[in-house]
Amino acid sequence: MKNAFEFKTLTDFTDYFCDEETCRKYYAQIRFADGEFCPHCNHKEIYTFKDGKRYRCASCKQDFTIKTGTVFGESKLPLRKWFITIYLLSTNSKGISSVQLAKQVGVTQKTAWFMAHRIREAHQQPQEQLSGTIEVDETYVGGLEKNKHENKRTKGTQGRSAKVKTPILGMIQRGGEIRAKAIDRVTMQAVENNIEENANKDSQIISDDFLSYARIGKKFSHTSVSHARGEYVKGDSHTNTIESFWALFKRGYHGIYHHMSRKHMQRYVNEFTFRFNRRSKEMQNVFSDAVSQVANQVNLPYKTLIQKPI
């Protein structure tokens, strides 16, 4: 049998994960990497049933499976279909639509959409702060008002308006990782809070000359380039790296997903940052990271996904 950490193609992947038992054992190794435990009470002593698929806690006496309390929940779908979904979502640089995912995995579009959002929910961004030279920039995601019928356009949406678009603030460490967050408005306070949360205090911050970055120099070493004056590179100062990520994100938005609601925007952002931060990793390692995140993420009910924001 091929080693799970040797696959480089989809054929290799499906050859290895050829049945449900292989998938179950692989997932059990990841979920119980630090030792077996009960997902109900976190007790460390558990019993395994003869079938090898179910467990019972020695403390609370409750039964469970390796999927209990995770993104998989008590899903009736086989792990093999979940694994194929994780693989496709984690290795396509611009993402994959729920329609295409449904065709390739063999589920309904509704199920594919639900599965994809559960996996995106698991792709939480790292808590470690960035350091060194960090480029900061923002983008706005949403339809163009000029493409709408005149009586359906919202007034006052020119420039950086957030009335019909969702602002996303991003920062990338040169040669390192990216952090990105969907926010309500790109205010000075929002910018400062996000940079302080994600950047080491000794970092060199580079941005454009948008007014919301004006006070960063009081807390960090800060330089900027003036795009309004046609200035894009000033010595080592530029935002080309973060803008390349926005270009990739927008290609996924326009070419694959076509629409990202404000409610689910952060999940889409997490999906793209997950892949981007692992752009130099081998395919099998990206998949292993994705499964590990899924193993540590709590269940996300369908009702929570579809309920309207308060």
Side-chain angles (χ1 to χ4, degrees), residues 124-146 153-254 260-263 265-270 272-273 276-277 309:
Q124 298 296 314
Q125 296 180 45
Q127 298 298 311
E128 294 83 6
Q129 288 189 320
L130 305 176
S131 60
T133 301
I134 300 174
E135 299 175 24
V136 181
D137 193 30
E138 82 288 342
T139 193
Y140 295 77
V141 180
L144 295 174
E145 291 297 291
K146 67 180 182 180
R153 295 175 187 172
T154 304
K155 293 182 179 180
T157 57
Q158 295 82 5
R160 291 180 166 93
S161 171
K163 288 184 178 180
V164 294
K165 293 188 177 184
T166 304
I168 304 173
L169 182 67
M171 54 201 79
I172 187 169
Q173 175 183 317
R174 287 190 184 165
E177 295 187 338
I178 189 169
R179 304 285 186 268
K181 184 177 182 179
I183 58 180
D184 294 328
R185 295 176 60 204
V186 189
T187 62
M188 284 187 181
Q189 192 62 54
V191 168
E192 291 168 12
N193 290 344
N194 276 277
I195 293 179
E196 286 185 292
E197 179 183 345
N198 291 287
N200 182 282
K201 63 179 181 179
D202 297 322
S203 302
Q204 167 71 30
I205 305 298
I206 301 175
S207 69
D208 58 25
D209 59 348
F210 181 39
L211 185 60
S212 292
Y213 303 117
R215 297 192 313 211
I216 292 301
K218 295 181 179 180
K219 299 181 179 180
F220 293 87
S221 174
H222 176 227
T223 58
S224 63
V225 290
S226 177
H227 292 171
R229 296 199 300 266
E231 183 181 66
Y232 291 92
V233 179
K234 184 171 62 178
D236 250 356
S237 300
H238 62 78
T239 57
N240 295 343
T241 317
I242 184 69
E243 286 171 7
S244 69
F245 174 77
W246 295 143
L248 179 66
F249 186 82
K250 292 293 183 71
R251 285 197 293 273
Y253 171 79
H254 292 293
M260 297 175 181
S261 69
R262 188 181 293 261
K263 174 185 175 181
M265 185 62 69
Q266 189 60 51
R267 294 191 184 96
Y268 286 107
V269 171
N270 289 347
F272 278 82
T273 57
F276 191 86
N277 286 339

Side chains of [X] and [Y]: does their closest heavy-atom pair fall under 4.5 Å?
| X | Y | answer |
| --- | --- | --- |
| Pro167 | Arg185 | no |
| Glu177 | Leu130 | yes |
| Glu231 | Ser237 | no |
| His254 | Phe249 | no |
| Gln204 | Phe220 | no |
| Ile216 | Val191 | yes |
| Asp236 | Thr133 | no |
| Asp208 | Asp137 | yes |

Nearest heavy atoms of [X] and [Y], plus distance in Å:
| X | Y | answer |
| --- | --- | --- |
| Phe272 | Leu248 | CE2-O, 3.9 Å |
| Ile242 | Met171 | CD1-N, 4.0 Å |
| Ser203 | Ser131 | OG-CA, 3.4 Å |
| Ala214 | Met188 | CB-CE, 4.0 Å |

Could you pull out all residues at least two apart from [X] that satisfy ring pair (Phe, Tyr, Trp, His ring centres under 6.0 Å)?
| X | value |
| --- | --- |
| Phe245 | Phe276 |
| His227 | Tyr232 |
| Tyr268 | His117, Tyr257 |

Q: Verify the distance criterion only: is there a donor paired with an acceptor across the side chains of Lys234 and Thr223 at less than 3.5 Å?
A: no
Q) Does a side chain donor of either Asp209 or Ser224 reach within less than 3.5 Å of an acceptor in the other side chain? A) no
(Q) Under the rule for side-chain hydrogen bond (donor to acceptor under 3.5 Å, both in side chains), what residues qualify as partners of Asn240, not counting sequence neighbours? (A) none
Q: List for me each residue that meets side-chain hydrogen bond (donor to acceptor under 3.5 Å, both in side chains) alongside Asn200, sequence neighbours excluded, and say none if there are none.
A: none
Roughly how far, to the nearest 0.5 Å, is [atom2] of [Y] from [atom1] of [X]?
| X | Y | atom1 | atom2 | value |
| --- | --- | --- | --- | --- |
| Met265 | Lys181 | CE | NZ | 15.0 Å |
| Arg251 | Trp246 | CZ | CH2 | 14.0 Å |
| Asn198 | Glu128 | CG | CD | 11.0 Å |

Looking only at atom types and distance, does a side-chain atom of [X] sit under 3.5 Å from a main-chain N or O of [Y], one as donor and one as acceptor?
| X | Y | value |
| --- | --- | --- |
| Gln266 | Ala182 | yes |
| Glu135 | Ile172 | no |
| Arg179 | Glu197 | no |
| Gln125 | Thr273 | no |

Q: Kindly indicate, with the supporting measurements, whether the criterion side-chain contact (heavy atoms from CB on, under 4.5 Å) is fulfilled by Ile206 and Ile134.
A: CA-CA 6 Å; Ile206 301 175; Ile134 300 174; over 6 Å; no
**Q.** Listed partners of Gln189 passing side chain to side chain contact (heavy atoms under 4.5 Å, CB included), at least two apart
**A.** Thr187, Glu192, Asn193, Arg215
(Q) As a test of understanding, state which of Val186, Ile183, Ile168 forms a side-chain contact (heavy atoms from CB on, under 4.5 Å) with Glu138. (A) Val186
